[in-house]
Peer 1: 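Quick one: the structure is below, questions incoming.
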Number of protein chains: 2
Amino acid sequence: MNTDADNFAQLLKNNGVSVTTARRAIFHTLRDADEPLKNGEIARRTPTVDRASVYRTLELFARLGITETVMRGWTPYTELAEPFTPHHHHIICENCGKVVEIENDTLEDVLNLVASRYDFALQKHVVELSGLCADCRAKTTRQAA
Amino acid sequence: MNTDADNFAQLLKNNGVSVTTARRAIFHTLRDADEPLKNGEIARRTPTVDRASVYRTLELFARLGITETVMRGWTPYTELAEPFTPHHHHIICENCGKVVEIENDTLEDVLNLVASRYDFALQKHVVELSGLCADCRAKTTRQAA
DNA sequence: AATAAAATTGCGACAACATTGCAATTATTA
DNA sequence: TAATAATTGCAATGTTGTCGCAATTTTATT
């Protein structure tokens, strides 16, 4: 078991970069959080590693596809990508901030369809949806009327 | 004519905030660029307005839905939203950086469908697709084989 | 297991980006 | 056009991200 950590190490080796304690530490921070974090926050939660190294590592992770970036408000958040976390998207309530993970094959299919229509081979995609959740919609409607 | 600027002024008034030269200047910067800009870049391109005011204004614009934010790489970019710019998405080639605007109703429909399935009333969405364009795919394939 | 070579890290200094309080200015209202 | 309210600029400060280089750690080799 502990397959994730192993896959992670393997992935680094396959790409000809070293498997270091710093990289493991940052990977674990991401793993433990299991939700998107600001880059600064990742640095803060990994005090054993220097800020500069954190950023360099994060850049590496992104390049190797270990992490992905999502937008929340105006700030970019980083989270582990596909092999280490199930593929999903978020939908955020603009009023209460509730975040729900969504998984939907139709959505994926349509994205690929659209891409191919423009003669692109889709590699990555970011989908961020936001609106009003049922609860807030009820409240808002009440006071709006 | 000059409807856009009028709509803009109207929108501010409707929301009970002042129509100021600073706000007009920033609006024009966005308008002239007609592509997403980093917030810092917006400040740089609007030297008549103090940086602090630019950020405060940008925050206001976002709140009023005048602007939207898209992610490119790790940095958030701001661009004018719906009423002032036609609704569209981008697909970016990871190799040559080519950016193509896409417009597709099916995509929109699916997004709404998905949202409603989670009991959300969709208000905004960000969709960023990236992959390989036809040209680059041809080249890449050649050398990969 | 020991060592040489290569890769990565931490450090310190720095640059860019963003935020805050407050006095001066500008827009709005009557 | 004067009074009031909103917004701006300024200046100081915090935060985030970057860079070069010497010290350390990892990896490859024996």
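Below, chain A is the first sequence line, B the second, and so on; all start at residue 1.
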Peer 1: Using atom CD1 of A/I42 as one end and atom C1' of D/dT15 as the other, report the distance to the nearest whole Å.
Peer 2: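 That distance rounds to 16 Å.
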Peer 1: Could you check which residues of residues 14-25 of chain B get a heavy atom under 4.0 Å from DNA chain D? Sort them by number, please.
Peer 2: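 Output list: B/V17, B/S18, B/T20, B/A22, B/R23.
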Peer 1: Please report the distance, rounded to the nearest Å, between CZ in B/R56 and P in C/dT19.
Peer 2: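 Roughly 11 Å, once rounded to whole Å.
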Peer 1: Go through C/dC17, D/dT16, D/dT8 for me and flag the one nearest to the B/R44 side chain.
Peer 2: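 Of C/dC17, D/dT16, D/dT8, C/dC17 is nearest to the side chain of B/R44.
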Peer 1: Measure the distance from CD on A/E59 to C1' on C/dT9 and round it to the nearest whole Å.
Peer 2: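 Roughly 15 Å, once rounded to whole Å.
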Peer 1: So which heavy atom on A/F120 is nearest to which on B/C133, and how close?
Peer 2: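 It is CZ-CB, 3.7 Å.
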Peer 1: Could you state the atom-to-atom distance from NZ of B/K13 to P of D/dT7 in whole Å?
Peer 2: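 Interatomic distance, NZ of B/K13 to P of D/dT7: 13 Å.
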Peer 1: Nearest-nucleotide wise, let me know which of B/V54 and A/Y55 is further upstream toward the 5' end of DNA chain D.
Peer 2: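 Mapping each residue to its closest nucleotide by heavy atoms, the 5'-most match is B/V54.
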Peer 1: Can you confirm whether the side chains of B/T78 and B/T69 place a donor and an acceptor under 3.5 Å from each other?
Peer 2: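 The criterion, which ignores hydrogens and geometry beyond distance, is not satisfied for B/T69 and B/T78.
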Peer 1: Against B/V110, only a single residue in A/D109, A/L107, A/L111, A/L113 fulfils side-chain contact (heavy atoms from CB on, under 4.5 Å); can you say which?
Peer 2: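 Checked A/D109, A/L107, A/L111, A/L113 against B/V110; only one passes side-chain contact (heavy atoms from CB on, under 4.5 Å): A/L107.
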Peer 1: What I want to check is whether the side chains of A/D6 and A/Q10 have a donor and an acceptor closer together than 3.5 Å.
Peer 2: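 Looking only at side-chain atoms, A/Q10 and A/D6 do not form any donor-acceptor pair under 3.5 Å.
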Peer 1: Assess the pair B/F84 and B/F61: is the distance between their ring centroids shorter than 6.0 Å?
Peer 2: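 Distance test on ring centres: not under 6.0 Å, no.
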Peer 1: When the distance from CG of B/D50 to P of C/dA24 is rounded to whole Å, what number comes out?
Peer 2: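 That distance rounds to 16 Å.
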Peer 1: Atom CD1 of A/I26 and atom C1' of C/dT8: how far apart are they, to the nearest Å?
Peer 2: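 Answer to the nearest Å: 11 Å.
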Peer 1: Less than 4.0 angstrom between a side-chain N/O of B/R51 and OP1 or OP2 of C/dT19, yes or no?
Peer 2: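 B/R51 to C/dT19 OP1/OP2: no side-chain N or O under 4.0 Å.
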Peer 1: The side chain of A/S53 is closest to which nucleotide in this list: C/dT9, C/dG12, C/dT20?
Peer 2: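 The answer is C/dT9, which lies nearest to the side chain.
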Peer 1: May I have the distance from B/L12 (atom CG) to C/dT26 (atom C1'), rounded to whole angstrom?
Peer 2: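 Result: 15 Å.
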Peer 1: Would you call A/R56 and A/E59 a salt bridge, using N to O less than 4.0 angstrom?
Peer 2: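 A/E59 and A/R56: not salt-bridged.
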Peer 1: Give a yes or no answer on whether the side chain of A/S53 reaches the backbone of A/V49 with a donor-acceptor pair at less than 3.5 Å.
Peer 2: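 Not confirmed, A/S53 side chain does not pair with A/V49 backbone.
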Peer 1: Quickly work out the B/F61 CZ to D/dT7 P distance and round it to whole Å.
Peer 2: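 Rounded to the whole Å, the gap is 12 Å.
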